[in-house]
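The block underneath contains the structure these notes are about, expressed in structure tokens.
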Amino acid sequence: MGKVALEKCQDYAPENVRAALLRCLEPLGGMRNFVKPGMKVALKPNLVMKLRPEAAGTTHPSMVREVALLVKEAGGEPIVVESPGGPYTQPRLRAAYDECGLTAAAQGTGLRFNFDLAETKTDNPQAKYLRMVTVLKPLRDAELIINLCKLKTHGQMAYTGAVKNMFGAIAGPLKAEFHMRMADYDRFANAIIDIHLAVKPALNIMDAVTGMHGRGGPTAGDPIHIGLLLASDNAFELDLAALAVVGGDPHYVPVMKEAIERKLCPPSVENLELCGERIEDVKVAGFRMPQAEALKAITFFDHPFMRFLCEKIKPKPVFLHDKCIGCGDCAANCPAKIIKMTDRRPEADLSRCIRCFCCQELCPAKAVDVSRLPGFDLAMDLGSRFFTAVGPFLGRFKRRKRR
């Protein structure tokens, strides 16, 4: 049983963030329990793309600043290490640091930012699929990694928090390759888990002061005030507690479902030692979690009719040309390479779409939506229940007929 600390933090005023951080870290032994004098400490925020802090799609700069100051007070040398989506270049890194507010927030703190684009391979004996992973070398070279994640929904994987934040340990172009290789939700969830295990942050702190909910997450959802910071030395357990706060079922979140099956995470929040606030006192009303049935429908059905039905009515990206600014980021970052720009507007061959929704996630103009037929989630749930119930009988009938 691990410890997860939950503490209220009503806004991003530096003094409030610092106070909440100190309360969160106290039951874990404080920052000095993790950071030793002279230690090189990598801070890994969620900077998925260039977004202003008020959009609630990235880790707030106030939290990065205050964690960096605590690291320095413990004698450590903090550096921000991240790989946003898209090409992994120094100009894109600088733009992300600037636009997300980190450059300004770090002034006077001594916090450094990584611009080293080197990558390195690392063995991963705990992996299910990725026994060898190529990760950012500055992250691997750090003596300690602090995972500064953000509580958000995710249009593809339902939820993103501490575990999925380590997908940023992979350089942008390689992220696209994983989307192509691991298009199945189970396999992609296990790939994310494997990457997390390869990097293995020692401390995980979640920015849940303002989260993001709705199907547009992780970059185009709606901000929602939660008023919390969470901390744990175990990312899986932190995500389990965070899901309990927003009313999410971990068994319907692909990454958490696979983590539970792999015995990396307890099946219930009741198996955790919670410190600070009680979950029942900080639960969020009205948090909109994407329906996991829509994700299951693509990969979890074995019956031919359901596979056919899912192929015909499964969610698809829709390009909103009236919002499009013609930047071409969707085409440049499409893992399946099915998007072409015609007259500075995207067109896609959806018959080859792998439903990774990178186009939506990385669109700076929020000009990509995800279309689902009315009643899709209900139909998939009913179909799942029906074929789960009658599947064994259908199998016996087919075997008798063949005899």
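In this text the structure is predicted, and so the values were computed from the model without any measurement.
Checking side-chain atoms of Asn16 against main-chain N and O of Cys9 turns up no donor-acceptor pair under 3.5 Å. A donor-acceptor pair under 3.5 Å is formed between the side chain of Glu82 and the backbone N or O of Leu47. Using modelled atom types, no side-chain atom of Asn204 and backbone atom of Ala162 make a donor-acceptor pair closer than 3.5 Å. Looking at Asp329, its side chain never comes within 3.5 Å of a backbone N or O of Pro364 through a donor-acceptor pair. Arg65 contributes no side-chain N or O that, together with a main-chain N or O of Ala104, makes up a donor-acceptor pair within less than 3.5 Å. Of the possible donor and acceptor atoms, one in the side chain of Ser232 sits under 3.5 Å from a partner among the backbone N and O of Lys3. A side-chain donor-acceptor contact under 3.5 Å links Asp207 to the backbone of Val209. With Lys128 contributing its side chain and Ala191 its backbone, the two residues share no donor-acceptor pair below 3.5 Å. Using modelled atom types, no side-chain atom of Thr134 and backbone atom of Thr120 make a donor-acceptor pair closer than 3.5 Å. Between the side chain of Asn124 and the backbone N or O of Val133, no donor-acceptor pair lies under 3.5 Å.
Annotation: side chain of Arg18 is in contact with side chain of Leu70 (closest heavy-atom distance under 4.5 Å). At least one side-chain heavy atom of Ile170 sits less than 4.5 Å from a side-chain heavy atom of Leu174. In this structure, Thr58 and Lys150 have side chains that are not in contact, with every pair of non-hydrogen atoms separated by 4.5 Å or more. Counting heavy atoms from C-beta outward, Met31 and Glu73 have side chains that stay 4.5 Å or more apart. You'll find the side chain of Thr210 stays beyond 4.5 Å of the side chain of Ile224, heavy atoms only. Between Val245 and Leu6, some side-chain heavy-atom pair lies under the 4.5 Å cut-off. At least one side-chain heavy atom of Val253 sits under 4.5 Å from a side-chain heavy atom of Leu243. Between Asn165 and Thr160 there is no side-chain heavy-atom pair separated by less than 4.5 Å.
For the side chain to side chain donor-acceptor pair (under 3.5 Å) condition, the pairs that include at least one residue of residues 83-96, sequence neighbours left out, are Ser83-Lys175.
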Task: Candidate pair Leu151 and Ile226, rule side chain to side chain contact (heavy atoms under 4.5 Å, CB included), full reasoning - done: CA-CA 9 Å; Leu151 194 160; Ile226 300 171; 4.1 Å; yes
Task: Derivation of the side chain to side chain contact (heavy atoms under 4.5 Å, CB included) call for Arg262 and Leu197 - done: CA-CA 12 Å; Arg262 289 171 63 171; Leu197 293 175; 3.7 Å; yes
- [ ] Please test Glu277 against Lys8 for side chain to side chain contact (heavy atoms under 4.5 Å, CB included), starting from the C-alpha separation and ending with a verdict.
- [x] CA-CA 7 Å; Glu277 299 292 335; Lys8 289 182 179 179; 3.7 Å; yes
Task: Test ring pair (Phe, Tyr, Trp, His ring centres under 6.0 Å) applied to Tyr159 and His154, step by step - done: CA-CA 5 Å; Tyr159 160 88; His154 196 286; 9.6 Å; no
TODO: Evaluate side-chain hydrogen bond (donor to acceptor under 3.5 Å, both in side chains) for Asp349 paired with Ser351, printing each intermediate quantity in order.
DONE: CA-CA 5 Å; Asp349 177 4; Ser351 67; 2.5 Å; yes
- [ ] Show your working on side chain to side chain contact (heavy atoms under 4.5 Å, CB included) between Asn46 and Cys149 and close with a plain yes or no.
- [x] CA-CA 6 Å; Asn46 184 320; Cys149 52; 5.6 Å; no
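Separation of atoms CD (Glu77) and CD (Glu143) is listed at 8.0 Å; rounding is to 0.5 Å. Atoms NZ and NZ, on Lys323 and Lys366 in that order, are 8.0 Å from each other to the nearest 0.5 Å. Thr153 contributes atom OG1, which lies 7.5 Å from atom CE of Met289 (distance to the nearest 0.5 angstrom). Atom CG in Leu274 sits 9.5 Å away from atom CD in Glu237 (nearest 0.5 Å). Taken to the nearest 0.5 Å, the CG atom of Leu139 stands 11.5 Å off from the CG atom of Asp116. Rounding to the nearest 0.5 Å gives a distance of 10.0 Å between CD of Glu26 and SG of Cys275.
For the 3.5 Å distance criterion, the side chains of Lys200 and Gln126 qualify, holding a donor opposite an acceptor. Side-chain contact annotation: Thr103 with Asp98, donor-acceptor N/O pair under 3.5 Å present.
One finds a salt bridge joining Arg215 and Asp369 here, because a Lys/Arg side-chain nitrogen approaches an Asp/Glu carboxylate oxygen to under 4.0 Å. Between Glu261 and Lys257 there is a salt bridge, since at least one side-chain N of the basic residue sits less than 4.0 Å from a carboxylate O of the acidic one. The pair Asp194-Arg187 does not count as a salt bridge, with every side-chain nitrogen at least 4.0 angstrom from each carboxylate oxygen. The residues Glu7 and Arg23 are annotated as salt-bridged, a charged nitrogen and a carboxylate oxygen being separated by less than 4.0 angstrom. In summary, Lys164 and Asp239 do not engage in a salt bridge, as defined by a charged side-chain N under 4.0 Å from a carboxylate O.
Across every non-hydrogen atom of Tyr12 and Ser62, the tightest pair is O-OG, 2.8 Å. Taking both residues in full, the closest heavy atoms of Pro53 and Cys100 are given as CG-O, 3.4 Å, listed atom of the first, atom of the second, then distance. In terms of heavy atoms, Val255 sits closest to Ile193 at O-CD1, 3.4 Å. Taking all atoms of both residues into account, the shortest heavy-atom contact from Ala158 to Pro254 is CB-CD, 4.3 Å. Here the shortest heavy-atom pairing between Leu28 and Phe34 reads O-CE1, 3.8 Å. Nearest heavy atoms, Ala208 versus Leu230: CB-CD1, 3.9 Å.
For CG of Asp343, the number of neighbouring non-hydrogen atoms (other residues, nucleotides, ligands) closer than 6.0 Å is 12 at most. Counting non-hydrogen atoms of neighbouring residues, nucleotides and ligands closer than 6.0 angstrom, the NZ atom of Lys36 exceeds 12 such neighbours. Atom CZ of Arg344 has 12 or fewer heavy atoms from other residues, nucleotides or ligands within 6.0 Å.
Listed by chain and residue number, nothing satisfies the ring-ring contact (aromatic ring centres under 6.0 Å, His included) test with Tyr129 (two or more places apart in sequence, or in another chain).
In this pair, Phe188 and Phe167 present their aromatic rings perpendicular. The plane angle is above 60°, beyond the 30 to 60° band. Taking the six-membered ring for Trp and thresholds of 30 and 60 degrees, Phe287 and His213 have ring planes inclined between 30 and 60 degrees apart.
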